[in-house]
Amino acid sequence: MTDEPLDPHRFSPPPLPEQERMVEAVLFASAHPMSLREIAARLPKGCDPAEVMQSLCARYEGRGVQLARVGDAWAFRTAADLGFLMQESMVESRRLSRAATETLAIIAYHQPVTRAEIEEIRGVAVSKGTLDQLIELEWVRIGRRRQTPGRPVTFVVTEAFLDHFGLESARDLPGLAELRAAGLLESRPQAALAPTLFRDEDVEADASGALADDLFEDE
Amino acid sequence: MTDEPLDPHRFSPPPLPEQERMVEAVLFASAHPMSLREIAARLPKGCDPAEVMQSLCARYEGRGVQLARVGDAWAFRTAADLGFLMQESMVESRRLSRAATETLAIIAYHQPVTRAEIEEIRGVAVSKGTLDQLIELEWVRIGRRRQTPGRPVTFVVTEAFLDHFGLESARDLPGLAELRAAGLLESRPQAALAPTLFRDEDVEADASGALADDLFEDE
Amino acid sequence: MTRVPYLTPVPDPDPAPPLPGLEPPDHASDRAAARADEVLVVDVEGFEGPLDLLLNLSRMQKVDLLQISVLELADQYLAFVDQARALRIELAADYLVMAAWLAFLKSRLLLPPDPEAEGPSAEEMAAHLAFQLERLNAMREAAARLMARDRLGQDRFARGAPEVVTRQRQVAWQAGLIDLMRAYARLRTRDEFRPYAFDRRDVFTMEQALDRVRGLIGFAGDWTQLAAFLPEGWEADPQRRRSATAATFAATLELARQGRLEISQSASFAPITIRRRPE
């Protein structure tokens, strides 16, 4: 083990078919998506996982287990059409409230989005538990602060979100192009056009600011 | 459920390649190895997992993951030759604590040595964690008991220790006089010094002689 | 004035569409009877805020959201709020804010536009409301589509028995043996600790030379060459001889300074001789 080649030029990397086997093994072993960098870190020096990913994908095309791209990462997942066989392994997920699913959709389609923006779209204050629940599910995380007065915190969806909903990237959200074309994803200045339904925007910004400071450091 | 075909001949089972996909998915998703009976219970009626298993095994022949038989059951496993990929070797250069280094040194120079003797030389009690750590590192092992009252256990260094420190035997360790001659008793760093400095035969004999009568008579 | 679709009342063959959340259907004519019935159920809880209520009301217009009549919507909303009030149901503040705003919007829509008025026109406000409703509706549909996807743990599954990656911690020892020897040396020399030690195998110190010359000088009543004072075993090796010579010479100088001996040299580079200083 200690004799592992340290100098990449000392030993040439394994041939591609062997690298493919290695990537296959590493990805199979993991329940979570792995980025190319993470994969490479596990392979012998000089291997290039990106190179073999395509052929590995092709190999599992149409199989019961498939290679799925999740953001910058990859994971093996069972084919969606065979879900019915796995009823017993099904994770009984707590049904999300309508508020939670709507909030999730708004974050996914409008990200990065502030709490005030979510409230404007839904026309109702975001109740305390909703965002917490989504963050706890690891579907939503806190993004960078918006560079506007109050520097409100923003929310974005995570890789786990993509993984859960079988999306390669947030760009693959269903209907995204149509919604954008219809102008429904633009944030329009709404001052004076609509009633102010909740007055706690400042407090809100403050509160989420405090949260962000507590938990996350953006750069 | 009640509409499930009870008569296996009423509906024909899915074609073999489809069954293969199903078994593949079911085994992949299962948290435990599955027996043929368990697999059959998951598949549509009329499927024959035994037959499918054979072709599935063949399909994974030579791949990075293989179908492995675990008792009566089946599971996906990393190919044996790729087991090394499942180890994330983190080379962490951490220094042994001073207590551990000293204890190791005493064992190396005085082996076989009892705990009481180590404590006598160090002048402080040896914590259990220190010896455990050295044993866990496989640099120290337990030797034979000393034939004295209480028959205390002795500690000796291992092959792995010699290997790690590049020594032929523990007797190769330089004695005090050599340490001094090599400037190792100075306070300034001497990292560049290699053990080959002390190959001098005469000094060797001298040093080990001095060592032996230092404290202990080995049998 | 351009014809803006959401401002046009949509003709509806059914003059009294049922309001969601209010049962039995309440419209102006029925209201008294319904109140008498006292079986009215106002389900404000079922709505996620006034916008949600508006969206539900707009659905009853059975038209594209872009074609809704904001006027009619305003009427329906206000009727709903009236109803709730009549039933002494406490509406959340935001429902009332929306009602006030809609009433204001309605009046602006019905009156001829005031050319002096500042701010957004009634049409702009109505258009924005229509946009908000459409956007909320779009997000609601997007949420439904999202939830209907093949989800992990329900339709797609991860490896059920992921293999454990053992973290092998390899401790690298760059100066391992040295550490070991130092540690040992530290222990063994604890009692004879000297802050600075230097092995002077090839160095004859002045102290050593002084001791030696002091001892020997008593016998040197006559001029004797300095070389004769060199210690034994230091003559052969050039390095050792040099060190011994220098030390011995320095020692004689010191003793001369103390008046213990005399030094003489007949010429440059001639041998140096010393003798005990006569009493």
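In the text below, chain A, chain B and the rest are named by the order of the sequence lines, each starting its count at 1.
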C:Leu129 portion near chain A, given a 4.5 angstrom heavy-atom threshold
neither

d(A:Phe165 CZ, C:Asp155 CG) to nearest 0.5 Å is 11.0 Å

Would you say the side chain of A:Glu102 lies within less than 4.5 Å of the side chain of C:Asp52, judging by non-hydrogen atoms?
no

Please test A:Asp163 against C:Arg156 for side-chain contact (heavy atoms from CB on, under 4.5 Å), starting from the C-alpha separation and ending with a verdict.
CA-CA 10 Å; A:Asp163 193 21; C:Arg156 291 151 47 251; 4.0 Å; yes

Check each atom of C:Arg159 against the heavy atoms of chain A and say whether the ones under 4.5 Å are side chain, backbone, both or neither.
both

Is it the side chain or the backbone of A:Ala75 that comes within 4.5 Å of chain C heavy atoms, both, or neither?
neither

Carefully, step by step, assess A:Tyr109 and C:Met139 under the rule side-chain contact (heavy atoms from CB on, under 4.5 Å).
CA-CA 8 Å; A:Tyr109 282 84; C:Met139 282 302 110; 3.9 Å; yes

Search all heavy atoms of C:Pro50 against all heavy atoms of A:Gly123 and return the closest pair with its distance.
CD-O, 3.8 Å

Taking C:Glu48's backbone N and O only, do any of them form a donor-acceptor pair with A:Arg122's side chain (distance below 3.5 Å, no angle check)?
no

For the backbone of A:Gly183 and the side chain of C:Arg135, can you confirm whether one donor and one acceptor N or O come within less than 3.5 Å of each other?
no

Check whether A:Thr78 reaches the backbone of C:Phe157 with its side chain - one donor and one acceptor, N or O, closer than 3.5 Å.
yes

Looking only at heavy atoms, which two atoms of A:Ala31 and C:Ala158 are closest? And how far apart?
O-CB, 3.7 Å

Tell me, side chain or backbone of A:Ala68 under 4.5 Å from chain C's heavy atoms, or both, or neither?
neither

With rounding to the nearest 0.5 angstrom, report the CG to CG distance, C:Leu136 to A:Leu184.
11.0 Å

At their closest point, which heavy atom of A:Ala105 faces which heavy atom of C:Leu146, and how far apart are they?
CA-CD2, 4.4 Å

Do C:Met147 and A:Leu104 make a side-chain contact, defined as non-hydrogen atoms from C-beta onward lying under 4.5 Å apart?
yes

Gap between atom CD of A:Glu120 and atom CD of C:Gln132 - 0.5 Å precision:
6.0 Å

Do any of residues 170-180 of chain A come closer than 4.5 Å to chain C, heavy atom to heavy atom, and if so which ones, in number order?
A:Leu173, A:Pro174, A:Gly175, A:Leu179

Between C:Leu51 and A:Ile121, the two heavy atoms sitting closest are CD2-O, 3.6 Å

Is there a side-chain contact (heavy atoms from CB on, under 4.5 Å) between C:Arg149 and A:His164 once you walk through the steps?
CA-CA 9 Å; C:Arg149 287 185 67 83; A:His164 185 91; over 6 Å; no

